[in-house]
A.B. asks: 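Sharing a structure, written as structure tokens. Questions coming.
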Amino acid sequence: MADFFNIIFSVDFGYAVLRVTTPILFAAMGALISDKAGVINIALEGMMLISALTGVIMSALSHSAGLGLLGAVIVGALVGMVLAYFALNLKTDVILAAIAINLIAMGGTVFVLFMVGGDKGISSSLASKVLPRIDIPLIRSIPVLGPILSGHNILTYLAFLSVWVMYIFIYRTPLGLRIRAVGENADAADSVGISVRKIQYTALILSGALAGFGGAYMSMGYVSWFSKNMTAGRGFIALAAEAMGGATPHGAMFTSLLFGMFDALSNSLQTLRVPAEFIQMIPYLATVIGLVIYAANKTEQIKRIQAHQNREARKGAQEVKLL
Amino acid sequence: MFKQKRLFELVRTVLAVLIALIVALVTILFASDEPGRALSLFLFGPLDSLRHFGNVLEMMIPLLFTGLAVSIMFSAAQFNLGAEGAFFLGGITATSVAINQSLLPVVHPVLSILAGGLTGALFCGIPALLKVKWNASELVSSLMFNYVALFLGLYLINYYMRDVDAGAMVSFKLADTSKLIRIIPKTRVHFGLILAALTVVAGYYFMYRTRWGYRIRLTGLNSSFARYSGIQTASVIILSQVLGGFIAGSGGAIEILGMYRRFSWQSLPGYGWDGIIVAILARNNPALIPVGAFFLAYLRIGADLMARSSDVQSEVVYIIQGVMIVLIAAESFLAHYRHKLVYREARKTAASGK
Amino acid sequence: GQQGKSDSVETEVLKIVLILNGTLGDKSFFDSADNGMKLIKEKYGNKVLVKTIEMNYDETKWEPTLLDVAEQDWDIIIMGTWQMTEMLQECAPDYPDKKFIIFDTEVDYSLPDMENIYSITYKQNEASFLAGAMAARITTSDMPLANPEKTIGFLGGMDIPVINDFLIGYIEGAQYIDRDIKVAVSYIGSFDDSAKGKEMSLAQYSQGADIGYNVAGQAGLGQLDAAKDANRYAIGVDSDQAELFLSSDPGKAELITTSVLKRVDNSLLRAIDLHMAGTAPWGSTEVLGFEEKAVGFAENDIYMKVVPTKIREEMDMLQKKIIAGDIVVSSAFGMSSSEIQALRDSVSP
Amino acid sequence: MQTDFLSMNNITKVYPNGIVANDGVDFSLRKGEIHALVGENGAGKSTLMKILFGLEHPEEGEILLKGESIHVSSPNVAIEHGIGMVHQHFMLVPSLTVAENMVLGSEPRRGIYTNIKKAESETLELSRKYNLTVEPSARIRDLPVGIKQKVEILKALYRGAEILILDEPTAVLTPQETKELFEELHLLKEKGSTIIFISHKLHEIKELCDRLTIMRNGRSQGVFNVADVTEKEISRLMVGRDVILEVDKGPAAPAEISLKVRNLTVVNDFGKNAVNNISFSLRKGEILGVAGVEGNGQGELVEILTGLQRINFGSVEIEGENIAGKTIKEIRNLGTCHIPEDRMTYGVAETLDIEQNLLADKHDSPRFTGKILTRPKVIRENSLKLIGEYRIKCGSPLEEVKMLSGGNIQKVVVAREFSSDPKLIIADQPTRGIDVGATEFIRKRLVELRDEGSAVLLVSADLNEVMELSDSLIVMYNGEITAFIEDVRSLSEEELGLYMLGIKKQTDGEIGRALHV
Ligand SMILES: Nc1ncnc2c1ncn2[C@@H]1O[C@H](COP(=O)(O)OP(=O)(O)OP(=O)(O)O)[C@@H](O)[C@H]1O
Ligand SMILES: Nc1ncnc2c1ncn2[C@@H]1O[C@H](COP(=O)(O)OP(=O)(O)OP(=O)(O)O)[C@@H](O)[C@H]1O
Ligand SMILES: [Mg+2]
Ligand SMILES: [Mg+2]
């Protein structure tokens with residue numbers, strides 16, 4: 001037990017949590033933006049994978065990590081556009097289209113890697129770049145917290161920044177307002193001249209771009225190569241985190257961190273004398289438990305709010321009457 | 001009018017397939033020095049021998065089960081993705097019964113399949129319960145539970161059923177009494193195909209000709225209305241997922257009993273996701289599940305034969321599959337022409353009516 | 001079916017096919033087997049026709065493929081892993097004029113009509129024993145990146161017999177050097193997720209390990225990244241993992257003290273050599289080890305440079321002892337999961 | 001004769017399902033008029049207006065605005081041309097505020113941000129100008145329907161609408177709210193707007209409009225000056241036959257008590273009594289109206305009676321059985337049927353066919369379902385019979401309900417509910433938003449069922465309807481019964497209004513007569 005606490009309260013652990021959280025957080029933001037526009041995007045997994053490969057290839061070709069990142073993000077956005085085209089123009093069931101994209105990503109990345117690098121498993125033959133780590137001078141010197149917060153990959157900071165940006169974007173800008181309107185009542189948006197399709201395109205493209213950041217982090221930050229199927233389900237976990245976070249940027253961040261923490265924990269706890277399979281289950285079980293607690297709470301809350309609203313509505317009605 | 005529309009649907013589908021084939025051909029041109037041969041293997045390989053066609057039928061069996069399972073859950077508007085985990089755990093529990101060497105034939109597979117089915121039912125029932133009780137999204141919880149199923153299953157195999165004399169992490173041998181008999185000589189097509197066919201037919205009748213099916217559909221289409229009509233929607237929601245889980249679990253059991261000597265999966269086999277594809281292609285209608293399953297199985301086997309016997313990389317087949325699935329399910333593909341057709345038709349009837 | 005272009009020497013061409021129950025690109029087992037085919041082609045040129053078929057990880061496809069190739073006019077059909085044995089045992093008797101080679105496992109020769117099968121197994125546990133011994137020496141050494149704690153790491157793909165066979169050798173090797181050595185063992189639960197592999201290795205390094213050994217296919221490569229981040233040592237597996245990064249990231253390559261090699265390629269070439277010479281032991285199993293160069297250390301420049309001479313000499317000596325049978329290394333095959341668990345617990349830090 | 005300000009010529013629209021919703025329709029507007037568009041359900045009114053607003057695209061025809069041909073490819077274009085539309089169903093985003101809904105699509109900006117302050121002040125300004133009072137920062141989901149309707153109108157005005165299309169704006173309004181709305185529309189007209197007004201309530205059209213266009217079966221039946229035609233003539237042109245607007249209803253013959261409500265209190269989650277200690281009885285063979293401004297407890301009362309909500313305090317007996325703890329099914333089995341207020345949420349499954357919708361409450365009755373399998377033949381007979389009997393306008397019983405017009409959807413609901421041999425009918429706004437023909441039909445059926453011995457509880461915000469149909473009446477205000485009127489014929493509309501607004505209240509003794517003890 002002492003071991004357990006030693007692990008949890010260690011600086012390395014805190015640092016690891018942020019590292020593990022980063023790709024999930026990006027993808028969760030991607031899930032969030034498309035969810036807000038009323039389309040569920042389960043292609044995040046495939047998008048990340050494609051972007052991860054693009055980042056490696058682009059950075060190897062251009063000898064620049066920045067261009068690699070740019071390529072990853074652009075390609076992520078393009079995949080988002082393809083999904084949008086199928087789901088919105090051709091009216092393919094969006095879940096099916098997403099599953100197809102995941103399939104294509106799984107085989108396509110290996111195929112492209114083979115064509116480009118002559119290798120099927122890992123991109124080690126490509127001299128790809130990694131994105132830099134950043135030491136934050138002031139923060140670094142804070143005891144305990146300093147080493148946890150400082151020295152991360154630049155994308156880790158960007159991931160957390162994206163939460164804030166997303167918040168501003170969704171709740172403060174005209175486009176955000178339109179996205180929310182489309183997600184909640186597409187007919188209403190349509191009736192005021194907003195093109196629902198354009199908005200959903202935008203959301204899916206942004207969603208893809210965010211997944212692109214997540215993918216780039218996987219291959220140009222987390223590790224320094226692309227390997228087949230390297231996202232290993234993180235896109236799905238992000239989806240869960242977004243839902244569990246109540247479809248708000250901060251909620252999604254919080255739940256991504258929670259998952260990151262349990263994942264980091266399961267990575268550290270392997271030395272405990274428990275069958276590995278049980279430790280490997282921890283993050284997933286924790287997510288479900290978190291989801292249930294959240295949902296149960298929310299149901300209660302909604303009931304209360306609804307009751308409140310009903311009451312207000314009735315009061316309003318009477319006031320009108322008495323005018 | 002109806003006939004014309006059906007004809008249009010046919011033309012549309014054929015065109016979609018053609019375009020998908022062209023995309024496939026372009027991809028193959030990239031990947032192969034002998035594209036013609038590769039394509040013909042892909043298209044006709046499954047028909048060139050009984051055994052290859054048998055492969056298609058073999059592959060259809062699990063797809064029929066998971067496709068049906070998913071379609072029932074989706075019909076109730078329950079986006080439970082747990083068919084994957086249910087199939088896997090169904091295989092595991094069936095194994096635990098099937099490795100028992102002292103049971104009678106016939107009884108043995110029946111017990112194994114039941115065990116698999118019940119596990120699947122339990123497994124998909126949990127997200128249902130969480131949904132009904134606490135309104136926790138079944139999509140998310142089932143997605144997570146799939147991982148739990150994997151690790152739990154591996155643990156069970158590793159610690160309780162592993163044959164230490166085998167050179168890999170596999171269960172003990174399944175008893176001969178538990179195996180499903182082969183029904184087509186020179187192939188591995190087993191009795192599971194008949195079971196699957198029966199299940200699909202029963203599934204169709206269940207969904208469209210029984211009160212429970214009606215309740216499931218009504219709840220899926222408008223749960224407020226279903227409740228208003230006196231239907232206990234909570235139990236319907238649970239029923240649909242328990243039933244879906246049962247079918248997926250039995251499917252896993254049947255797959256193991258029909259195709260394997262021992263349980264040897266070390267990761268989720270993916271038939272749950274395939275089931276989603278099949279169910280969506282079949283628009284959740286059990287009567288169309290065999291069509292969807294056959295299509296996907298044929299595609300897979302054709303692609304495999306191509307990858308195996310030509311110089312096309314095996315990964316290319318994923319691309320081709322994805323493109324085909326997306327195009328065929330594209331509802332608005334050619335919608336423009338369809339509307340023209342409708343318009344002309346409507347004018348004509350209007351004119352003749354006058 | 002797939003056949004070579006027919007030319008004048010058609011009758012003399014030996015047609016060899018390798019069917020892999022997985023995909024290429026794992027940088028270890030399957031790639032090594034595929035490399036064996038290349039070695040054969042290099043050596044025999046026009047006298048052979050070789051082909052590799054990836055059957056993917058979907059087990060239902062393995063048997064149809066085996067039957068397909070058995071029916072086609074291949075002379076020698078090669079496959080690997082235990083999962084193929086039972087299929088092969090059923091298939092081979094039906095094709096008595098075909099030859100089959102199965103590696104990394106053996107068929108049951110007490111069954112009738114197994115004369116056309118040649119089985120090859122590897123003493124990976126013995127090579128792992130050396131890795132364990134070296135890790136133990138390094139962690140207790142005063143090498144620049146070693147720490148005083150007597151902890152070494154092991155990163156496995158999954159808790160399965162093949163992986164554990166490596167583990168058992170590793171533990172025994174370490175304990176042979178020093179009974180107090182602790183081994184931190186983690187399983188990734190996947191052979192793909194290199195990020196998780198990195199994460200687990202980092203956890204091991206931060207818990208005091210100063211050298212780790214990865215046996216997790218592509219996911220294990222994460223350990224090499226972790227070694228670089230934590231500035232600790234690593235031991236690769238299957239292929240020479242230092243070589244992977246030698247050009248793209250020399251700093252990382254320098255931390256990979258050596259790799260434990262399982263030379264499927266060598267063993268396949270050897271098998272064909274024997275067949276050509278007419279001395280192939282069809283109908284029996286050969287257990288290959290250090291002597292046949294089927295297992296061993298990657299004795300590359302980094303190994304020579306980074307690992308002190310004293311340790312290297314000791315390794316050579318241990319190798320000799322193993323070959324001579326003075327040291328007998330246990331195997332995970334035949335051990336129950338609880339026994340393995342108990343062993344892991346006994347060395348857990 | 002004035003020149004036309006706007007004209008739509010020879011408009012033809014065919015929906016993807018093959019329905020010809022508009023068939024060569026001509027429609028024109030003069031500047032500054034209020035022009036009514038009337039027709040049966042499904043006549044093609046909404047479709048024509050959606051075309052004008054750019055939401056649907058016609059296969060044929062042209063639109064001329066001020067003599068120039070315009071191509072309205074999307075609502076955006078319509079808005080640019082000064083056309084605004086208030087839709088039949090609310091087009092608001094519930095979680096957004098009034099101001100946000102107002103500016104949606106043409107948001108004022110400050111840098112990259114939405115300028116919410118400006119949106120709110122503009123909303124306020126506009127609402128003052130047109131005397132349509134709303135609170136800019138209130139969330140739509142918190143607002144009653146009357147206010148929502150105002151927001152809809154303001155939304156159109158905000159976008160500079162000179163031509164305002166109002167698709168059945170009064171269907172969900174109370175008489176008082178309607179009156180208010182009419183004043184506001186007059187104000188708008190004075191300020192120069194041109195208004196298209198769709199309604200099924202002919203007296204409203206007589207009261208408000210200048211001219212009217214009548215549609216039938218997707219075709220225009222002509223344009224008339226409102227002053228020149230009588231309601232009766234309008235109905236005839238719409239339906240193609242004479243319509244009797246007054247229900248021919250003999251005196252009631254009340255028998256024994258069917259529904260007994262005693263001291264019923266419904267407490268909501270905030271501890272407020274939505275229904276406060278009410279008691280009354282309903283006898284077989286009579287129609288008891290429940291009048292009141294919406295949101296005064298009628299909704300909760302209906303939910304309790306039908307089992308959609310659990311009883312907190314008090315008791316309810318139906319056919320002598322206490323319904324506490326009974327499921328909806330069990331309550332239905334006592335002989336209760338229910339026409340819900342919100343047909344799209346509670347009345348039908350849109351994407352299911354008519355036949356299956358007609359089956360919802362009785363899908364498991366032995367008549368339609370054997371031990372295991374259903375009986376398709378009997379089911380088909382049943383649906384054909386009901387479609388014929390209730391004159392549901394459709395191509396076949398296998399057509400999806402969402403393909404029907406609103407009035408026909410309502411008929412599907414009514415047909416299903418009335419065909420279960422009900423002993424107690426709970427009819428919540430049974431004729432909301434449906435055309436005169438269908439209204440006539442449903443009212444007639446209600447009276448017939450009463451005469452056959454059913455007990456009818458009629459909840460309606462339509463004063464005409466309650467007063468015409470009910471035998472007796474209770475008025476609800478603030479969760480309480482403020483009046484019981486034994487014989488409705490003795491009641492004036494003004495007096496009823498006073499009870500509904502809680503200004504006047506009967507004594508407990510008078511109200512107690514509702515118990516029939
Ligand atoms: N989107 C649609 N798809 C198919 N059919 C439709 C659609 N919208 C309307 N219809 C059909 O077109 C016809 C005309 O409908 P429309 O909505 O214009 O009628 P309406 O006059 O507004 O009727 P109501 O008085 O009930 O509102 C109806 O038969 C309706 O069922
Ligand atoms: N996309 C659609 N596909 C098919 N039918 C539709 C579609 N959109 C609307 N409809 C149907 O067309 C009919 C006409 O719709 P509309 O919006 O005019 O309201 P309505 O409810 O019919 O009017 P009322 O309340 O006057 O009866 C409705 O029955 C509606 O359900
Ligand atoms: Mg040390
Ligand atoms: Mg309408």
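Values reported hereafter were calculated over all heavy atoms of this structure, with side chains retained and with hydrogens, waters and symmetry mates removed. Letters go in sequence order (proteins before strands), and every chain restarts at 1.
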A.B. asks: Under 4.5 Å from any heavy atom of chain A, what part of C:Lys196 do you find: side chain, backbone, both or neither?
C.D. replies: both
A.B. asks: Which pair of heavy atoms, one from C:Tyr170 and one from C:Ala135, lies closest together, and at what distance?
C.D. replies: OH-CB, 3.7 Å
A.B. asks: Is it the case that the ring center of C:Phe29 lies less than 6.0 angstrom away from the ring center of C:Phe103?
C.D. replies: yes
A.B. asks: Which one of A:Asp119, A:Val223, A:Leu113 has the most heavy-atom pairs closer than 4.5 Å to chain C?
C.D. replies: A:Val223
A.B. asks: At a heavy-atom separation under 4.5 Å, does C:Glu243 approach chain A through its side chain, its backbone, both, or neither?
C.D. replies: neither
A.B. asks: Using heavy-atom distances under 4.5 Å, tell me whether C:Ser337 contacts chain A through its side chain, its backbone, both, or neither.
C.D. replies: neither
A.B. asks: Does the salt bridge (Lys or Arg N to Asp or Glu O under 4.0 Å) test come out yes or no for C:Asp193 and A:Arg234, once each step is laid out?
C.D. replies: CA-CA 10 Å; C:Asp193 195 345; A:Arg234 285 175 177 81; 3.1 Å; yes
A.B. asks: Quick check for you: among A:Ser224, A:Ala127, A:Ser219, which has the greatest number of heavy-atom pairs under 4.5 Å with chain C?
C.D. replies: A:Ser224
A.B. asks: Contact between C:Arg344 and C:Asp159 at the side-chain level, heavy atoms closer than 4.5 Å - yes or no?
C.D. replies: yes
A.B. asks: Under a 4.5 Å heavy-atom cut-off, does chain C meet the side chain of A:Ala276, its backbone, both or neither?
C.D. replies: side chain
A.B. asks: Between atom CG of C:Asp229 and atom OG of C:Ser206, what is the distance when rounded to the nearest 0.5 Å?
C.D. replies: 12.0 Å
A.B. asks: Using non-hydrogen atoms and a 4.5 Å limit, figure out which bit of C:Tyr187 sits close to chain A: side chain, backbone, both or neither.
C.D. replies: both
A.B. asks: So which of C:Asp249, C:Ile188, C:Leu224, C:Asp31 has the largest heavy-atom pair count under 4.5 angstrom toward chain A?
C.D. replies: C:Ile188
A.B. asks: Is a donor from one side chain sitting under 3.5 angstrom from an acceptor on the other, for A:Thr22 and A:Thr156?
C.D. replies: yes
A.B. asks: May I ask you to name which of C:Ser194, C:Ser248, C:Ser190 has the most heavy-atom pairs under 4.5 Å with chain A?
C.D. replies: C:Ser194
A.B. asks: Testing C:Thr140, C:Thr139, C:Asp178 one by one against C:Lys150 for a side chain to side chain donor-acceptor pair (under 3.5 Å), which residue passes?
C.D. replies: C:Asp178
A.B. asks: Is it the backbone or the side chain of C:Leu202 that comes under 4.5 Å from a heavy atom of chain A, or both, or neither?
C.D. replies: side chain
A.B. asks: A:Tyr222 side chain to A:Gly215 main-chain N or O, any donor-acceptor pair under 3.5 Å?
C.D. replies: no
A.B. asks: Look at A:Met218, A:Arg133, A:Lys228 and state which one has the largest set of heavy-atom pairs under 4.5 Å with chain C.
C.D. replies: A:Lys228
